[in-house]
Peer 1: 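Here it is, the structure in full.
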Protein chains: 2
Amino acid sequence: MEDGLKTLGYAALGSRLKRLGEKLQAQTADLGDAASQEGLPVPCNPLLAILDKRGPLSVGDLARTLQQAQPGVTRMIHHLKSQNLVATTPDPQDRRISRIALTDEGKARVKRLKESLWPAADQAVQSICEGLSGSFLDQVAQLETRLSQSPLKSRLEGIALADWDQLLEQRSKTQ
Amino acid sequence: MEDGLKTLGYAALGSRLKRLGEKLQAQTADLGDAASQEGLPVPCNPLLAILDKRGPLSVGDLARTLQQAQPGVTRMIHHLKSQNLVATTPDPQDRRISRIALTDEGKARVKRLKESLWPAADQAVQSICEGLSGSFLDQVAQLETRLSQSPLKSRLEGIALADWDQLLEQRSKTQ
DNA sequence: TCAAGTTATATACCTTGTTATAAATATGAG
DNA sequence: CTCATATTTATAACAAGGTATATAACTTGA
């Protein structure tokens, strides 16, 4: 009864990926301890990471980088701004553009996230993706099963957290 | 600039899968000609397919089968009911339960979808998933690229549509 | 130079998922 | 039998994505 979607082949892959992504995000939120999260919505994390990596960016650049529609990015910026994690300054060359940058508070938060939630999420998700086999559809099915049977949080027990920058560096070498 | 998410490793996989799913669904909507769609929201398609395959079901059974929270299913049922595609009848054994079944109009609609949108979606999505390689993360990245470079619709040109039931039967054999 | 078009951001509204909870019904223990 | 608890569906409120469009600022061409 539970696996009805699997009988619908590739036609339902869109629905399945969407919900798989939502479940990953939900479980990712559970990974952070209270200290590292402090009420930050999950989708803000990639935005902060991009800002940290690529310095100040315009709303449009952020949207393109995140491959996301601009109004959603604007909304996240408002949220982050209300928490004093980012600040916007008008571009002197072109006053339509506002440059988004991390505040000092934002940088401090990013530092904490780099030591806790981000590597935890990376390592847990990598672990759940290990050894998938078969067609992409099969792999998605395996992921669905794994995610409901052993949540991300349980995959971190007894694992040492790497530091975020080291993780990414290492990954870029392997690739 | 465009591939910023790829530099974030597994940590951003949730966001990426969610948006990849959304884009697949959006492009799937473009596949149907006006006749086969008639204003049916994309997420209703799996629901109709399950109802067609497994006969009348309760709301709870549908939610479990679709691996989705119950209130979302209730909302879709209301929508489909307003279009006369499904009907609900109270279960004689347990009056809390209402059994959801396709109406004659619903069956006719399903018949049309089986001959057009569903196989089109299945074949197009299968084609875009062909020959992916590398880690799951790599495969997702390849899918993102392919989807933005050649949309699902363009993958159907000159391809004969199979019938839905034959497609699924064939797939279950291959597997 | 200024009118017309283009671009960047913000806003409004919609969609579709979620949780929490209420209301109706069923079940089971005493 | 009755009351406490379970279960089923519906409703309300929220989250985070989307499209369409308005507004302000820039650019270009006659």
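By convention in this document, chain letters (A, B, ...) are assigned in the order of the sequence lines, proteins followed by strands, and residues within each chain are numbered from 1. This structure is a prediction, so every number in the text was calculated from the model and none was measured.
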Peer 1: From CD1 of B/Ile97 over to P of C/dA23, roughly how many Å is that when rounded to an integer?
Peer 2: 21 Å
Peer 1: Taking the ring of A/Tyr10 and the ring of A/Phe136, is the distance between their centroids below 6.0 Å?
Peer 2: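 Ring-ring flag for A/Phe136/A/Tyr10: false, centres at least 6.0 Å apart.
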Peer 1: Tell me what A/Gly72 touches on the nucleic acid: a base, only sugar-phosphate, or nothing, going by heavy atoms under 4.0 Å.
Peer 2: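 Since no nucleic acid heavy atom lies under 4.0 Å of A/Gly72, the category is nothing.
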Peer 1: Of the options C/dG17, C/dT9, D/dG18, whose atoms approach the side-chain atoms of B/Pro43 most closely?
Peer 2: C/dG17
Peer 1: Separation of A/Leu62 atom CG from D/dG17 atom P, in whole Å?
Peer 2: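 These atoms are roughly 13 Å apart.
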Peer 1: Please evaluate the base of C/dT9 for a donor-acceptor partner in the side chain of A/Arg96 within a cut-off of under 3.5 Å?
Peer 2: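 A donor-acceptor contact between them is absent.
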Peer 1: Between B/Val86 and B/Ile97, is there shared hydrophobic-cluster membership here, with clusters defined by ILVMFWY side-chain heavy atoms closer than 4.5 Å?
Peer 2: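 Not linked; separate clusters.
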Peer 1: By nearest nucleotide on DNA chain C, pick out whichever of A/Ser15 and A/Ser98 is the more 5' one.
Peer 2: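 Final value for this comparison: A/Ser98.
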Peer 1: Whether the side chain of A/Gln27 engages the backbone of A/Leu152 through a donor-acceptor N/O pair (distance < 3.5 Å, no angle test) should be reported.
Peer 2: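 Present.
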Peer 1: Can you tell me whether the side chain of A/Gln70 and the base of C/dA8 have a donor-acceptor pair closer than 3.5 Å?
Peer 2: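 Side chain to base: no pair present.
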Peer 1: Quick one: on DNA chain D, does A/Pro71 or A/Asp94 contact a more 5' nucleotide (nearest heavy atom)?
Peer 2: A/Pro71
Peer 1: Could you check whether B/Pro41 gets within reach of a base, just the sugar-phosphate, or nothing at all, counting any heavy atom under 4.0 Å?
Peer 2: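 Contact class for B/Pro41: sugar-phosphate only.
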Peer 1: Less than 4.0 angstrom from a charged side-chain N to a carboxylate O is my criterion; do B/Lys114 and B/Asp52 meet it?
Peer 2: yes
Peer 1: How close do A/Ser150 and A/Ile128 get, heavy atom to heavy atom, and via which atoms?
Peer 2: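 Looks like O-CD1, 4.2 Å.
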Peer 1: Tell whether A/Arg19 reaches the base of C/dG17 with its side chain through a donor-acceptor pair below 3.5 angstrom.
Peer 2: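 A donor-acceptor contact between them is absent.
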Peer 1: Could you give the CG-to-P distance, from B/Leu24 to D/dG18, as a whole number of Å?
Peer 2: 14 Å
Peer 1: Ignoring the backbone of B/Ser58, work out which of D/dT9, C/dT9, D/dA25 is nearest its side chain.
Peer 2: D/dT9
Peer 1: Now, which nucleotide makes the Watson-Crick or G-U wobble pair with D/dA10, with each of the two distances under 3.5 Å?
Peer 2: C/dT21
Peer 1: When the distance from CG of B/Leu20 to P of D/dG17 is rounded to whole Å, what number comes out?
Peer 2: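 B/Leu20 atom CG is separated from D/dG17 atom P by 15 Å.
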Peer 1: Just how far, in rounded Å, is P of D/dG17 from CD of A/Gln25?
Peer 2: 7 Å
Peer 1: Taking CZ from B/Arg64 and P from D/dT8, how many angstroms apart are they, rounded to a whole number?
Peer 2: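 Going from CZ in B/Arg64 over to P in D/dT8 covers 6 Å.
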Peer 1: Would you say C/dT9 has OP1 or OP2 under 4.0 Å from some side-chain N or O of A/Thr74?
Peer 2: no
Peer 1: To the nearest Å, give me how far apart NZ (A/Lys18) and P (D/dG18) are.
Peer 2: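 Computing the A/Lys18:NZ to D/dG18:P distance gives 10 Å.
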Peer 1: Is the glycosidic angle of D/dA6 within 90° of 0, making it syn, or outside that range, making it anti?
Peer 2: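 In terms of base orientation relative to the sugar, D/dA6 is syn.
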Peer 1: Report the residue (B/Arg75 or A/Ala69) whose heavy-atom-nearest nucleotide on DNA chain D is the more 5′ of the two.
Peer 2: B/Arg75
Peer 1: Do the non-hydrogen side-chain atoms of B/Ser58 and B/Ile100 ever get within less than 4.5 Å of each other?
Peer 2: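 No; the side chains remain at least 4.5 Å from each other.
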Peer 1: Mapping A/Arg99 and B/Asp91 onto DNA chain C by nearest heavy atom, which one lands closer to the 5' end?
Peer 2: A/Arg99
Peer 1: Expressed as a whole number of angstroms, how long is the span from A/Glu22:CD to C/dT15:C1'?
Peer 2: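 Atom-to-atom, A/Glu22 to C/dT15, this comes out as 12 Å.
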